[in-house]
Amino acid sequence: MTTIAEVNSGNEALCADQCMRIHQLMVRARVLDERMIQMSKSGEGYFWIGGPGEEAFNVCLGLQLKKGCGPDYDFLHLHYRSLATLLAMGMPMLDATRQAAVRITDPHSMGRNFLGHSALRKWNVVPVSSVVGAKFAMAPGTALVQKRHGGDGVTVVVGGDAGSSQGDFATCMIWSTRPGQELPVLMIVTNNQWGISTPMRSQHSEQHIVDRGEPFGIPGEVVDGNDPIASWHALRRALQWCRRKRRPFMLESQVSRLHGHSSSSGAMRVENEPDCLALWETKLLAAGVLTRASIDELWEAARGEAAAAVQQALQEPEPTPDDVRRHTYAPSPVDVVYPDDYTGLPH
Amino acid sequence: MTTIAEVNSGNEALCADQCMRIHQLMVRARVLDERMIQMSKSGEGYFWIGGPGEEAFNVCLGLQLKKGCGPDYDFLHLHYRSLATLLAMGMPMLDATRQAAVRITDPHSMGRNFLGHSALRKWNVVPVSSVVGAKFAMAPGTALVQKRHGGDGVTVVVGGDAGSSQGDFATCMIWSTRPGQELPVLMIVTNNQWGISTPMRSQHSEQHIVDRGEPFGIPGEVVDGNDPIASWHALRRALQWCRRKRRPFMLESQVSRLHGHSSSSGAMRVENEPDCLALWETKLLAAGVLTRASIDELWEAARGEAAAAVQQALQEPEPTPDDVRRHTYAPSPVDVVYPDDYTGLPH
Amino acid sequence: MATLVQAVRMALHYGETYLGVTDILGEDVGPPLGGVFTATQGLETAWNTPLDERGIVGAAMGIAYAGGRPVAEIQFCDYGFNTIDLLKVAGNQRWAGGGNYEMPIVLMTPSGSGIRGSLYHSHSFESWASRLAGWKVVMPSNALDAYGLMLSAIVDPNPVLVLLPKALLRVRGEKLIPGEPADPELLKQLIDAPLGDRTGWRPRWPDLDEYLVPIGTADQVREGTHATLVSYGRTLPLCVKAADLLRESDGLTCDVIDLRSIFPYDWRMISQSVLKTGRVLFVNEDSEVTNFGEHLLRRVVEEHFYDLLARPRVLQGQHVPGIGLNQIYEQNTVPQLPHILETLRAVATEEA
Amino acid sequence: MATLVQAVRMALHYGETYLGVTDILGEDVGPPLGGVFTATQGLETAWNTPLDERGIVGAAMGIAYAGGRPVAEIQFCDYGFNTIDLLKVAGNQRWAGGGNYEMPIVLMTPSGSGIRGSLYHSHSFESWASRLAGWKVVMPSNALDAYGLMLSAIVDPNPVLVLLPKALLRVRGEKLIPGEPADPELLKQLIDAPLGDRTGWRPRWPDLDEYLVPIGTADQVREGTHATLVSYGRTLPLCVKAADLLRESDGLTCDVIDLRSIFPYDWRMISQSVLKTGRVLFVNEDSEVTNFGEHLLRRVVEEHFYDLLARPRVLQGQHVPGIGLNQIYEQNTVPQLPHILETLRAVATEEA
Ligand SMILES: Cc1ncc(C[n+]2csc(CCOP(=O)(O)OP(=O)(O)O)c2C)c(N)n1
Ligand SMILES: Cc1ncc(C[n+]2csc(CCOP(=O)(O)OP(=O)(O)O)c2C)c(N)n1
Ligand SMILES: [Mg+2]
Ligand SMILES: [Mg+2]
């Protein structure tokens with residue numbers, strides 16, 4: 001099958017190997033999210049939020065990042081729907097199911113935070129906070145260090161459409177374009193047209209959110225996030241701009257929200273939005289890159305992998321009462337009360 | 001002299017009577033601000049902040065407002081440099097000097113707040129807060145009531161260039177352009193190129209601040225705020241747009257800051273910025289609308305008026321310890337502890 | 001019997017029908033959702049805002065300045081911390097402006113733990129809020145009080161913060177709201193939006209009556225002599241349970257006071273009870289450094305130090321950065337029934 | 001002898017020279033002004049930001065994530081109230097992220113009354129700040145402590161808030177900062193920017209030494225037996241004066257403790273002193289409902305209730321929406337020397 005060299009979308013193309021790699025990651029992300037939705041309903045987990053419908057775009061992002069620790073690498077201020085990005089970067093499913101199962105082994109939060117609230121120092125994934133907007137205020141800071149440090153590391157900040165209403169979105173644009181101090185920030189908006197139950201169009205008159213970059217000289221692009229080929233190239237251009245020009249870029253990805261907002265709203269599958277994965281499979285089938293059988297096999301394998309990741313996580317220990325205070329403070333040589341960590345009120 | 005019908009500036013003109021009226025108000029504002037600067041240095045007052053350099057624009061604003069109480073009239077979220085606007089609306093000098101002298105008779109704040117922090121319910125002047133930005137979050141609220149109420153009352157919100165960095169500035173744009181719910185807000189930026197000691201150009205890459213309205217479909221105009229004729233007409237167009245279309249408009253007025261930021265930075269006269277009043281007098285002299293003698297007379301009269309306003313204020317009573325808590329609460333029929341006002345901790 | 005959240009909804013209906021409420025605004029409060037907890041379903045004046053808490057508070061203030069009477073919602077109090085400057089302005093504008101303007105806004109927001117909410121759906125807000133001079137702050141622990149406090153909040157011409165205990169929103173009241181049908185199923189049919197498509201749905205409101213819980217009045221929900229127990233919100237029913245258990249097990253009886261109004265608070269009721277019992281325990285789930293319960297303790301020490309028979313106590317949440325999702329975290333971060341019972345017993349039995 | 005604000009400036013110079021400070025950022029902190037109180041004049045890494053406190057705090061956090069060590073300034077603490085959500089994130093990110101990241105930021109901001117600052121240049125911030133789990137909070141009352149606390153704040157890998165008492169910024173210290181010239185005129189010539197044009201000016205820094213005031217250590221500035229007096233910031237020198245006056249007038253002596261570190265606080269020193277004197281007064285100027293002094297009182301009641309000889313007290317600012325500009329307001333809103341003296345005398349002399 002891999003004799004087919006390229007797959008096309010409009011004027012753009014992607015080599016078949018890459019297409020298959022993207023497809024496999026999309027399947028794994030979708031299967032994992034669906035399995036974690038189950039967890040939230042069965043009591044194996046308490047809560048689900050994730051990215052079904054964003055896999056095409058998010059996988060392409062994950063595959064093009066410069067992964068590592070420190071200012072030589074990309075800094076990531078992710079969204080709570082960025083699961084596919086992390087899988088594409090190489091995160092094992094287990095590190096998601098551990099968080100879904102609120103285990104002490106959860107590398108993102110020790111079973112403390114909601115699913116999708118990632119934190120991985122080894123890959124510059126700064127802790128995702130539930131506070132919509134906050135990351136847009138922080139992103140210029142990581143980018144500033146990167147700019148000063150040299151190299152081609154950039155800062156990527158990903159948020160939703162509704163979240164662009166927060167003043168911090170403007171803060172990010174202003175701070176990234178201070179004259180002579182422009183910063184390599186890639187501002188990504190995954191526009192699924194919804195903020196929980198509120199349609200984007202009921203609250204926002206901007207034709208495209210990226211239009212807001214124009215007055216600041218921030219170039220922008222709107223991309224069909226359901227199309228992996230378009231997404232791949234839009235991300236390639238955007239990242240290249242930031243890496244080379246050391247200036248901001250804004251990318252708006254039109255995506256679907258296939259299971260509603262979160263488990264709080266039921267996480268039922270919606271029927272009226274395009275499914276990037278189904279579309280991609282249709283395309284790859286038509287292009288002869290994949291067969292029905294090879295697709296089924298992939299899904300099967302992903303399901304097995306997800307099941308194992310859930311099973312493994314559920315066997316791992318939960319926190320104990322002693323864990324409540326852990327990591328409140330980093331050890332400090334200049335603190336006589338908390339030289340190590342927090343141990344309750346001063347005594 | 002009033003046989004001269006009009007004065008021109010570029011393609012625009014203003015009738016001589018209006019020009020004289022504007023001039024007189026500018027002189028009164030300038031003289032009063034200068035006198036209040038003296039107060040801050042002599043100990044007659046504690047603090048000065050004001051609008052020398054903004055008189056041309058601010059007077060034109062004050063003269064075109066729909067003055068009154070309630071949603072039929074314009075709501076004003078003013079800047080702390082809006083003295084000339086208030087004088088143009090008819091505020092007596094005494095109501096400024098009372099605040100400068102921190103008397104209990106100060107109608108804006110009972111001697112509590114800094115100069116320029118106005119509050120006049122009779123004219124819909126909502127209390128100016130020192131918190132730069134906050135007014136931009138509030139302005140859509142007054143405008144929403146006006147829109148619903150009908151009529152042609154609009155909301156005018158005035159802030160500085162540096163203050164546009166606050167997220168609330170974006171909030172105002174977003175909330176004023178919700179699809180189908182557009183609001184009659186006139187956003188005015190008095191751009192003096194400074195935030196205390198920080199040049200606008202060191203922090204902002206937007207060519208014009210009003211460009212930020214474009215993505216939201218908010219029309220904008222930049223006007224030479226040192227030119228009363230240009231200011232008059234720009235304000236006329238802007239207010240008319242808001243009154244008739246019931247939609248937002250943004251106006252950026254390029255003004256001078258002739259005495260630095262405030263008494264905290266010395267309030268010394270700067271020499272390198274255009275003085276709208278001097279320019280205007282030159283123009284009106286050249287046009288034959290005023291004579292040197294008539295100008296001198298006006299200044300003399302204004303100085304006398306200001307001196308009297310200071311003297312009167314200084315004779316008025318100061319607050320007493322009993323005033324500390326007054327007006328913490330409005331009387332409430334449903335509060336058993338504070339049916340009237342705050343009387344200390346519950347007892 | 002209505003749930004607490006139904007009571008809030010009915011109060012808002014009463015408010016927009018009879019008390020001049022002009023706007024109920026917030027994220028997802030309008031159709032189709034009617035609030036993430038259903039508090040605003042079917043209301044005439046409810047509308048959705050952008051995802052912008054500063055805009056919500058600011059707009060409410062502006063609406064009030066122009067003569068409207070808004071009820072604004074912060075979806076979770078956890079997301080109100082970027083608006084504290086605006087809340088301060090709302091609280092100080094009348095004072096700062098020498099009495100020029102009133103500020104009749106109601107801000108309502110779910111507060112506290114108990115719904116497995118992890119860090120950002122478990123915060124308490126009352127200790128922060130109690131510092132906002134110029135504001136009044138109330139927190140009901142049952143449906144009827146929610147109705148009565150909400151109406152008072154609406155009527156009061158000052159900014160009033162209504163904290164809704166998340167954990168109790170779906171708890172049914174024991175007392176009827178004046179006008180509500182006694183059958184909860186019927187009530188549900190009348191005023192709860194159906195699942196699925198709601199485009200054609202309209203609520204059928206019962207014919208409700210005015211019922212005001214005056215601001216500043218607490219409710220004494222148990223009477224006793226061995227100790228005074230003061231709480232509000234989620235921990236209030238736990239305190240009642242603890243007091244009942246202590247009576248059963250040890251024969252010790254307590255005054256249990258539901259504060260309801262956090263500022264101003266019903267000092268007279270607290271004071272009289274402490275004078276009677278000489279022993280007092282304040283319980284809340286907010287974190288323990290600079291906690292509103294510590295303020296109440298200070299008042300007791302200030303006015304009743306020499307009346308106390310035993311060390312007065314405050315039981316609070318831990319001073320940690322958040323409440324973790326795994327229930328081990330939550331159970332060991334904020335007071336639960338066993339902690340309350342144990343501390344109450346200690347207060348009631350400590351040798352003087 | 002350096003003023004407090006000069007000490008801060010020297011600490012920042014030491015920090016950027018020897019302790020890895022990468023950025024000193026805030027409104028007007030860079031050239032030409034170097035801060036509205038001159039705290040950042042002549043520093044290598046100081047730069048001006050947009051007028052956006054959320055951006056300032058957010059950028060500092062980002063810089064720290066990427067390995068920098070920023071010192072951020074909020075020009076007046078009064079303007080920090082729209083950043084409390086970010087401060088919370090800064091304080092909870094390590095805990096929430098299971099220890100993935102440190103957050104070595106210093107946030108400095110002038111706090112408190114005493115410069116005729118009206119509503120928005122007179123706020124106190126420590127009661128709010130003490131509620132921010134994950135943060136450390138310090139407040140010097142003299143130049144040497146300002147230097148030593150600032151260095152510790154820089155070295156500490158956690159977020160540290162340095163509150164600078166506005167009223168004391170221009171007060172000269174009584175002890176030399178290690179390395180500073182003894183002659184204040186000389187120091188001024190070396191490190192204060194000239195009035196007028198500063199384009200050619202460069203500071204000539206004295207050769208300073210490291211001096212750390214460990215976080216969590218208070219300073220006992222007076223010793224006595226009749227009462228314990230605990231304060232910090234603007235009211236600390238007033239407390240010293242009150243204690244001295246009381247000794248002169250009544251022959252009563254007090255322990256006066258300069259807390260310096262608000263969280264964590266030096267509980268051992270407070271506790272030992274209270275054990276010795278049995279009488280305690282906490283003084284601060286923050287407003288009186290849910291005040292950090294009430295927390296300290298609660299700790300005393302919790303651990304020393306039966307050791308107390310007299311009712312413990314907290315003297316605080318009034319619960320009003322602001323401090324008015326006319327000095328009648330200010331004098332009657334926050335504690336002044338006569339109030340402190342009177343209350344101290346009452347504590348020290350109350351019959352047990
Ligand atoms: C500051 C803040 N306010 C409210 C919320 C509650 N909330 C969580 S997600 C969400 C909607 C976000 O919509 P959008 O930004 O479009 O992202 P999406 O979920 O659609 O990906 C809201 C209101 C929050 N997390 N943070
Ligand atoms: C939120 C906030 N931060 C800081 C300040 C302190 N401050 C007062 S005025 C000012 C500069 C304002 O500049 P600009 O908005 O351009 O108005 P201008 O004074 O130039 O008219 C600053 C930083 C403030 N008042 N509010
Ligand atoms: Mg969305
Ligand atoms: Mg300016």
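- Among the candidates C:L212, C:T217, C:V213, the single residue satisfying the side-chain contact (heavy atoms from CB on, under 4.5 Å) test with B:V334 is C:L212.
- Only the backbone of B:R326 comes within contact range of chain C, with heavy atoms under 4.5 Å apart.
- In this structure, the portion of B:F75 lying under 4.5 Å from any heavy atom of chain C is its side chain and not its backbone.
- In terms of heavy-atom proximity, C:G62 sits nearest to B:T142 at O-CG2, 3.2 Å.
- Contact annotation for B:P107: only backbone heavy atoms (N, CA, C, O) come within less than 4.5 Å of a heavy atom of chain C.
- The minimum heavy-atom distance linking B:H347 with C:R268 is given by the pair O-NH2, 4.0 Å.
- With chain C as partner, the option from B:H117, B:K122, B:R148 having the largest number of non-hydrogen pairs under 4.5 angstrom is B:R148.
- Heavy atoms of B:V336 lying under 4.5 Å from chain C belong to its backbone as well as its side chain.
- Of the listed residues (C:P159, C:A59, C:S261, C:G68), the one with the most heavy-atom contacts under 4.5 Å to chain B is C:A59.
- Counting heavy-atom pairs closer than 4.5 Å to chain C, the top-ranked of the candidates B:V128, B:T155, B:D168 is B:D168.
- Here B:P331 is the residue among B:S118, B:G70, B:G111, B:P331 with the most heavy-atom pairs under 4.5 Å with chain C.
- Across every non-hydrogen atom of C:G97 and B:A119, the tightest pair is CA-CB, 4.1 Å.
- Heavy atoms of B:A134 lying under 4.5 Å from chain C belong to its backbone as well as its side chain.
- Annotation: maximal heavy-atom pairing with chain B below 4.5 Å, among C:P104, C:G67, C:G91, C:A96, occurs at C:A96.
- Both the backbone and the side chain of B:T328 come within less than 4.5 Å of a heavy atom of chain C.
- The parts of B:Y338 that come within reach of chain C are both its backbone and its side chain, each placing non-hydrogen atoms under 4.5 angstrom from that chain.
- Neither the backbone nor the side chain of C:N82 comes within contact range of chain B, judged by heavy atoms closer than 4.5 Å.
- When heavy atoms are compared at a cutoff of 4.5 Å, C:D156 approaches chain B by way of both its backbone and its side chain.
- Ranked by non-hydrogen atom pairs under 4.5 Å with chain C, the options B:N113, B:V145, B:V126, B:I104 are led by B:V126.
- Ring pair C:Y65/B:H77 is perpendicular by interplanar angle, where above 60° counts as perpendicular and below 30° as parallel.
- Looking at B:W175 and C:T49, their side chains come closer than 4.5 Å, going by heavy atoms from C-beta outward.
- Between chain C and the residues B:I174, B:D323, B:L345, the largest count of heavy-atom pairs under 4.5 Å involves B:L345.
- Neither the backbone nor the side chain of B:V157 comes within less than 4.5 Å of any heavy atom in chain C.
- The most heavy-atom pairs under 4.5 Å with chain B, out of C:E102, C:R299, C:E303, come from C:R299.
- Each of C:I215, C:V57, C:L86, C:V89 has some count of heavy-atom pairs under 4.5 Å with chain B, and the biggest count is that of C:I215.
- Within residues 126-137 of chain C, the residues having any heavy atom under 4.5 Å from a heavy atom of chain B are, by residue number, C:G134, C:W135, C:K136.
- Residue contact with chain B, scored on non-hydrogen atoms closer than 4.5 Å, involves the backbone and the side chain of C:I56 alike.
- For the options B:D335, B:N124, B:V337, B:V125, heavy-atom pairs under 4.5 Å to chain C are most numerous at B:D335.
- Only the side chain of C:D85 comes within contact range of chain B, judged by heavy atoms closer than 4.5 Å.
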